[in-house]
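A quick write-up on the structure given underneath.
Labels below follow one simple rule: chain letters A, B, ... track the order of the sequence lines, proteins then strands, and each chain is numbered from 1. Basis for what follows: all heavy atoms, side chains included, without hydrogens, waters or symmetry-related copies.
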Amino acid sequence: MQEQYSPRDIEHAAQTAWDQTDAFKVEETPGRETYYCLSMFPYPSGKLHMGHVRNYTIGDVIARYQRMQGKNVLQPMGWDAFGMPAENAAMNNKVAPAAWTYSNIDYMRNQLKSLGLAVDWSREFATCTPEYYRWEQWLFTRLFEKGVIYRKNGTVNWDPVDQTVLANEQVIDGRGWRSGALIEKREIPMYYFRITDYAEELLSSLDNLTGWPEQVKTMQRNWIGKSVGMEVHFPYDQASIGHAGKLKVFTTRPDTLMGATYVAVAAEHPLAAQAAETDPSLLAFIDECKRGGVSEADIATQEKQGRATSLFVEHPLTGEKLPVWIANYVLMGYGEGAVMAVPAHDERDFAFATQYHLPIKPVIRTSAGDTTPEPWQDAYGEKGMLINSEEFDGLDFDSAFTAIGEVLKQKELGAPRTQFRLRDWGISRQRYWGCPIPIIHCSNCGDVPVPDDQLPVVLPEDVVPDGAGSPLARMPEFYECTCPRCNQPARRETDTMDTFVESSWYFARYASPHYDKGMVDPAAANHWLPVDQYIGGIEHAILHLLYARFFHKLMRDEGLVDSDEPFKDLLTQGMVLADTYYRIDAKGARTWFNPADVEVERDAKGKVVRAHLASDGEPVEIGGTEKMSKSKNNGVDPQAMIDQYGADTCRLFMMFASPPDMSLEWSDSGVEGAQRFLRRVWRLAQQHVGSGRPAALSVDNLTDAQKDVRRATHLAIRQASQDIGQHHKFNTAIAAVMTLMNVLEKAPQAEDQDRAVLQEGLETVTLLLAPIVPHISHALWQALGQQTPVIDAPWPVLDESALVQDSLELVIQVNGKLRGHIQVPADASREAVEAAARANENVLRFTEGLSIRKVIVVPGKLVNIVAN
RNA sequence: GCCUCGGUGGCGGAAUUGGUAGACGCGGCGGAUUCAAAAUCCGCUUCUGGUGACAGAGUGGGAGUUCGAUUCUCCCCCGAGGCACCA
């Protein structure tokens, strides 16, 4: 055993040993319990960032721990390879997205390998290869024929200068990020997945996902947003609108229908267009509503505006004429694109009615009374008894719902309905670097799916986009084709799919990554699926995880997989943060400095008070701790860390600094602390091994001191087993091992049994650390005299008898305040404990002059004496 | 604006889920070793008062339940993630 801990040699040796034995390659082995551990695959952006390192370390710790539990563990890795950054890089560097992507993959694969992940690399794939996306296209054609995919218009951000569609991310303060032009909303035809058909199941099966964080399930429930309500029709006729018809709205509060004083429609609603025909100012307002981006956050925070029209609809119950308004807060894409407004009982309607002096008619008796004076109070929105509602007066919410529903039904002006907030998933993208949508547009036959024998529709890889629309739409060699049905000249669809589609089924493909007879080999897929543990960023809590659940159900309904849900357990990891430092120049602009280039100054207590740039010694401002990002220049390069300290130190620091679902603050001195700990482990093992083989452990013949050491060993086993196996709290598991090391370093080594106890302690340290720091553990395990590699060693077993103690220390409180400690025999009776507590010197002192009312004894913990 | 989560020493965090607040680590201070430095080792380190034993306060702020609250309830403040074309 080398005297010095040398991570470079150790890590190289361990990785070579794993490679030579194909240690992490797995096959379907009948009879062996499987464990599928999956971390969200990376987008090949160029190089690994700390978020990746954290994600893959967490996954690797779990995978290696499960292997030590004897399971057949699958941990794969691949590349989410389509996406916008490749197109942006192409525009900046004149490189084809394909070449850029593949070279990034090659670089990042090496980086991942240097982390020593227990990954089966034989299953690696990239989603941008035809071998992968052809099956996505195949499923698309199936779903199109089943009607699960359909075409309709959708709203996009349109940059009128660059003549291109922009992603929400590319719209900054309502302007295009490259052109600076004011963005407009534009309607274009797109393909949609009918995810709303699965809304009910996506909602209800969340209840079965007991291994998911409540937080994520709550977010998904709210996103799907099931609401039971009423569809209400407001009729209109020749006199009020020019032709007869009905304005449809949906409401969750039909009990307030008698309080409706106007209706509001979206700017894109047909009634708005009709009203504008005779009123140029309305046309201008509708145009104004088209300004700005399409994202909900933008729309929800913009100023609520509306315009009256000359149109009226009839109240479905009273026949009263209600004015039609056009409002920018009503969205065409949500529900019916129209709402009934009840200002007395809806906050947004209240604000709008107040602003535009519309009538406010209270129809519910709330805890605020029968009237609704300004300003708005939350109580106005409560449910309660109906008032001012004619025949419905006196009813409560449920009976009003039923009664009003009955009347509407009789009049054929509405009916109860369930509505979801979830909208169908639009997947058409007017971009190049994505999976081509396998549709052929024929003037005779309409939209024709590409037949199986013509799949895949291959994306040409030698294209460099220029930011002005989709290059495919300018490539006749791509879009010119013949109709598979009528053989007439036809045009191929040039839109590509949302990249969320690739990431919605990759987890299934890993089961049979090179299968060429179908999307998945059902036998392999059902062997491994569902994923036992899925790990990824909390930012994916809704979209990616919902789409993947949806796709799994689509695949189930195609007969490809048996299970209903793709991910049994879910761990959402927090972000990686680092300190920020900046200077403000004369113009007020901030220049950000990387923490690696900054030195901090501390006061006497160690609190950071100032910071300066190392290169010029001049002060910089301290900007707080934020997510590592290019914009704040606070990223720490994982490669530099691995090169300097080794993978084990990085892994240990990341797992120790905070629990996986919390954010993690990067700290250089924390990394050094992790390295220091590994050196201590190495040094103690080296000393111990250097003194020769220890005697066999004889547990029945130990001194009290030896029992104490052994007790520390088994306390660590208990703590680490709970923390890693049940709670995924690696930080406290590591703390338990550190506590054990503190004991082992001070333990006597003179006697035979001293050394036997120490041997057990060091073996335990090695095994408990093996999932977290696999390289050093590999070397230590060999040095401690073990023949089989540590990756195949079983997780240590707790010996309860090692924990037994003769006496316990109890806490003594008087009126809930800590007043002392007493030592009692472990088997002392309640009476004996109480008597010992009452006799305690401090108890006597603090109860002097008081009478004892009650004594609370918590066995094994404390005694609280209540006195007054 | 809406949905979700979080806030504990100088810092990262811990607290067996209602029972000793601050485990473990970082930083800081003091000491040992060294010609010196690095490395390493030992001790102290929530705040306030006190030489001290000790006392009081303390888990974002405010109220409440309880013998006892970081933990449960209500209100408020601040921060983070998501909002359907970033991935």
Side-chain angles (χ1 to χ4, degrees), chain A residues 40 42-43 45 80 83-85 154 156-157 165-171 213-216 218-219 221-223 225 293-302 304 329 333 348 421-431 498-500 503 537-544 546-547 572 574-575 577 602-609 624-627 653 656-659 661-674 676-677 679-680 683 719 722 729 731-732 734-739 742 809-813 815-818 821 853-856 858 861-862 864-867:
Chain A
M40 290 181 186
Y43 176 79
S45 53
D80 185 16
M84 285 205 313
V156 294
N157 303 306
V165 176
L166 294 185
N168 285 338
E169 186 196 48
Q170 298 170 316
V171 179
E214 275 312 314
Q215 174 195 3
V216 175
T218 306
M219 281 193 269
R221 281 190 194 104
N222 292 338
W223 183 263
V294 299
S295 85
E296 189 183 300
D298 286 347
I299 290 162
T301 49
Q302 76 190 358
K304 311 274 176 293
Y329 69 84
R348 199 171 50 178
R421 203 189 81 97
L422 181 69
R423 311 198 300 259
D424 276 340
W425 176 15
I427 53 128
S428 292
R429 299 289 180 269
Q430 299 69 45
R431 292 183 214 297
D498 181 359
T499 56
F500 269 127
S503 56
I538 183 68
E539 66 273 19
H540 296 293
I542 296 176
L543 290 181
H544 162 63
L546 189 66
Y547 292 147
T572 50
M575 293 176 310
L577 317 177
R602 295 170 186 274
D603 66 11
K605 286 181 177 170
K607 184 179 181 177
V608 174
V609 286
T625 319
E626 300 203 45
K627 180 177 177 176
F653 167 72
F656 181 59
S658 68
D661 53 353
M662 241 189 252
S663 60
L664 179 151
E665 290 187 29
W666 189 262
S667 146
D668 284 340
S669 46
V671 178
E672 281 163 26
R676 196 174 304 148
F677 174 70
R679 279 201 301 261
R680 278 171 53 198
R683 192 187 327 128
Q719 185 75 40
Q722 270 176 11
K729 297 261 253 170
N731 56 331
T732 47
I734 294 164
V737 180
M738 287 174 166
T739 307
N742 289 341
E809 189 182 63
L810 298 188
V811 165
I812 303 301
Q813 296 181 333
N815 289 331
K817 276 189 196 287
L818 176 70
H821 300 266
R853 302 285 172 202
K854 203 176 186 185
V855 178
I856 290 152
V858 182
K861 285 266 192 298
L862 61 71
N864 186 17
I865 292 167
V866 185

Once you apply a heavy-atom cut-off of 4.0 Å, does [X] come out as touching a base, just sugar-phosphate, or nothing?
{"X": "S663(A)", "result": "sugar-phosphate"}
{"X": "M40(A)", "result": "nothing"}
{"X": "E672(A)", "result": "nothing"}
{"X": "N864(A)", "result": "base"}
{"X": "L422(A)", "result": "base"}
{"X": "E809(A)", "result": "nothing"}
{"X": "S669(A)", "result": "sugar-phosphate"}
{"X": "V171(A)", "result": "nothing"}
{"X": "V165(A)", "result": "base"}
{"X": "V811(A)", "result": "base"}
{"X": "E539(A)", "result": "base"}
{"X": "P42(A)", "result": "nothing"}
{"X": "A541(A)", "result": "nothing"}
{"X": "E665(A)", "result": "sugar-phosphate"}

What pair of heavy atoms forms the shortest contact from [X] to [Y], and how long is it?
{"X": "Q719(A)", "Y": "T732(A)", "value": "CG-O, 4.3 Å"}
{"X": "G537(A)", "Y": "M40(A)", "value": "N-SD, 3.9 Å"}
{"X": "W666(A)", "Y": "V671(A)", "value": "CZ2-CG2, 3.4 Å"}
{"X": "N157(A)", "Y": "N168(A)", "value": "ND2-OD1, 2.9 Å"}
{"X": "H544(A)", "Y": "S503(A)", "value": "CE1-O, 3.0 Å"}

Report yes if a side-chain nitrogen or oxygen of [X] is closer than 4.0 Å to either non-bridging phosphate oxygen (OP1 or OP2) of [N]; otherwise report no.
{"X": "S667(A)", "N": "C26(B)", "result": "no"}
{"X": "N731(A)", "N": "G12(B)", "result": "no"}
{"X": "K627(A)", "N": "C86(B)", "result": "no"}
{"X": "K729(A)", "N": "A15(B)", "result": "yes"}
{"X": "N742(A)", "N": "G25(B)", "result": "yes"}
{"X": "R429(A)", "N": "C85(B)", "result": "yes"}

Who does [N] pair with, Watson-Crick or G-U, both distances under 3.5 Å?
{"N": "C5(B)", "answer": "G79(B)"}
{"N": "G58(B)", "answer": "none"}
{"N": "C86(B)", "answer": "none"}
{"N": "A15(B)", "answer": "none"}
{"N": "C41(B)", "answer": "G31(B)"}
{"N": "U66(B)", "answer": "none"}

(message) Both Y43(A) and M738(A) contact RNA chain B. Taking the nearest nucleotide for each, which residue is further toward the 5' end?
(response)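 Its nearest nucleotide lies further toward 5', so the answer is M738(A).
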(message) Go nucleotide by nucleotide along RNA chain B from the 5' end; which of L664(A) and M575(A) gets its closest nucleotide reached first?
(response) L664(A)
(request) Using whole Å, report how far NZ of K817(A) lies from C1' of U66(B). (result)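 That distance rounds to 15 Å.
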(message) Could you check G9(B) for me: syn (within 90° of 0) or anti?
(response) syn
(request) State the syn/anti category of U65(B) according to its glycosidic angle, syn meaning within 90° of 0. (result)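 What U65(B) shows is an anti base, its glycosidic angle lying more than 90° from 0.
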Could you go through nucleotides 37-42 of chain B and list every protein N or O atom that sits under 3.5 Å from one of its N or O atoms, giving the distance for each pair?
residue : atom : partner : partner atom : Å
U40(B)  : OP1  : R679(A) : NH2          : 3.1

(message) Is there a side-chain contact between N864(A) and V855(A) in this structure, where contact means two heavy atoms from C-beta onward sitting under 4.5 Å apart?
(response)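 No; the side chains remain at least 4.5 Å from each other.
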(message) Any non-hydrogen side-chain atom of K861(A) less than 4.5 Å from a side-chain atom of L810(A)?
(response)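 Counting from C-beta outward, K861(A) and L810(A) never come under 4.5 Å.
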With [atom1] as the reference atom in both, quote the distance from [N] to [M] in angstrom, rounded to an integer.
{"N": "U46(B)", "M": "U66(B)", "atom1": "P", "value": "34 Å"}
{"N": "G10(B)", "M": "U45(B)", "atom1": "P", "value": "15 Å"}
{"N": "G13(B)", "M": "G82(B)", "atom1": "C1'", "value": "26 Å"}

(request) Go through F500(A) and I427(A) one step at a time and tell me if the side chain to side chain contact (heavy atoms under 4.5 Å, CB included) criterion holds. (result) CA-CA 8 Å; F500(A) 269 127; I427(A) 53 128; over 6 Å; no
(request) Count the heavy atoms belonging to other residues, nucleotides or ligands that lie under 6.0 Å from NZ of K607(A), then report whether that count exceeds 12. (result)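 No, NZ of K607(A) has 12 or fewer neighbouring heavy atoms, counting only those of other groups under 6.0 Å.
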(request) Decide whether R853(A) and N815(A) meet the rule of one side-chain donor and one side-chain acceptor closer than 3.5 Å. (result) no
